[in-house]
Amino acid sequence: QAQLIESGGGLVQAGGSLRVSCAASGHTFSSSAMGWFRQAPGKEHEFVASITWSGGDTYYADSVKGRFTISRDNAKNMVFLQMNSLKPEDTAVYYCAARRSRWIATKWSDYDSWGQGTQVTVSS
C-alpha cells in the first residue's frame with residue numbers, strides 16, 4: 001500500500017493561487033494513476049482531478065476545469081495540483097490518492113491509498 005503525504009495547503013485570498021504537492025512511497029508510483037479529492041465540512045469526498053500513470057491524460061471535475069492543473073513527476077514520485085483563480089467554495093481538505101491501475105478514476109473507492117490531507121482555505 002502506498003504512503004502519501006500532502007503539503008502546500010494554506011490560506012489564500014479569492015482569486016489567488018496555491019500549489020499542493022503529494023509525495024508517494026511504498027509502491028510502484030510510475031505504474032499508478034493518481035488523483036486529488038477534497039472534502040468540505042459536512043460534505044462527502046469530492047473528486048477534483050486524476051492523471052494517468054504516464055501523465056499523458058488528465059481528467060477534471062467540472063467545478064475546477066480551466067482553473068486547476070494536475071501533474072506528476074515520476075522521477076521524484078510526486079504529484080501536484082496547481083490551483084488558480086481560487087474561490088471560497090474551493091475551501092476544503094485536499095487529499096492525494098493512488099490506485100494500482102494505470103488509468104483515471106473519479107470515485108474515492110476506486111483508489112487504494114489516501115493521504116492525511118492538507119487544508120486549503122480561500123477567503124473572500
Under 6.0 Å between ring centres: does that hold for Y95 and F37? no
Parallel, tilted or perpendicular: rings of W108 and W114 (30°, 60°): parallel
May I ask you to check whether over 12 heavy atoms, not counting those of K65, lie within 6.0 Å of atom NZ? yes
Can you tell me how far the CD atom of E6 sits from the CD atom of Q119, to the nearest 0.5 Å? 12.0 Å
Looking at S21 and F80, what are the two nearest heavy atoms and their distance? OG-CD2, 3.3 Å
Heavy-atom pair of closest approach, residues S17 and V12: O-CG2, 3.8 Å
Working to the nearest 0.5 angstrom, can you tell me the gap between I104 CD1 and F47 CZ? 7.0 Å
Side chains of D112 and Q1: closer than 4.5 Å at any heavy-atom pair? no
Would you say I5 has more than 12 foreign heavy atoms packed within less than 6.0 Å of its CD1? no
With a distance cut-off below 6.0 Å to the six-membered ring centre and an angular limit of 45° from the axis, does R67 pair with Y60 as a cation-pi contact? no
Would you say that W36 contacts F68 through its side chain, given a criterion of any heavy-atom pair below 4.5 Å between the two side chains? no
In terms of heavy-atom contacts, does CZ of R100 have more than 12 from other residues, nucleotides or ligands at under 6.0 Å? no
Report the distance from atom CZ of R19 to atom CG of L81, rounding to the nearest 0.5 Å. 10.0 Å
Let me check something: do V48 and L18 share a hydrophobic cluster, defined by ILVMFWY side-chain heavy atoms less than 4.5 Å apart, either directly or through other members? yes
CZ of R99 to OG of S50: how many Å apart, nearest 0.5 Å? 7.5 Å
Please name the pair of heavy atoms, one in I51 and one in T58, separated by the smallest distance, quoted to 0.1 Å. CG1-CG2, 3.7 Å
Measure across S124 and P88 and return the closest heavy-atom pair with its distance rounded to 0.1 Å. CB-CG, 3.8 Å
List the steps, then state whether side-chain contact (heavy atoms from CB on, under 4.5 Å) holds for M34 with L4. CA-CA 11 Å; M34 300 294 293; L4 305 172; 4.0 Å; yes
Geometric cation-pi criterion R38 and Y94, 6.0 Å radius, 45° cone: no
If you apply the rule side-chain contact (heavy atoms from CB on, under 4.5 Å), what do you find for V79 with I70, and how did you get there? CA-CA 7 Å; V79 64; I70 187 172; 4.1 Å; yes
For the OG atom of S71 and the CE atom of M78, what is their distance to the nearest 0.5 Å? 9.5 Å
Residues that Q3 engages under side-chain hydrogen bond (donor to acceptor under 3.5 Å, both in side chains), provided they are two or more places apart: none
S31 side, atom OG; N74 side, atom CG - distance, nearest 0.5 Å: 8.5 Å
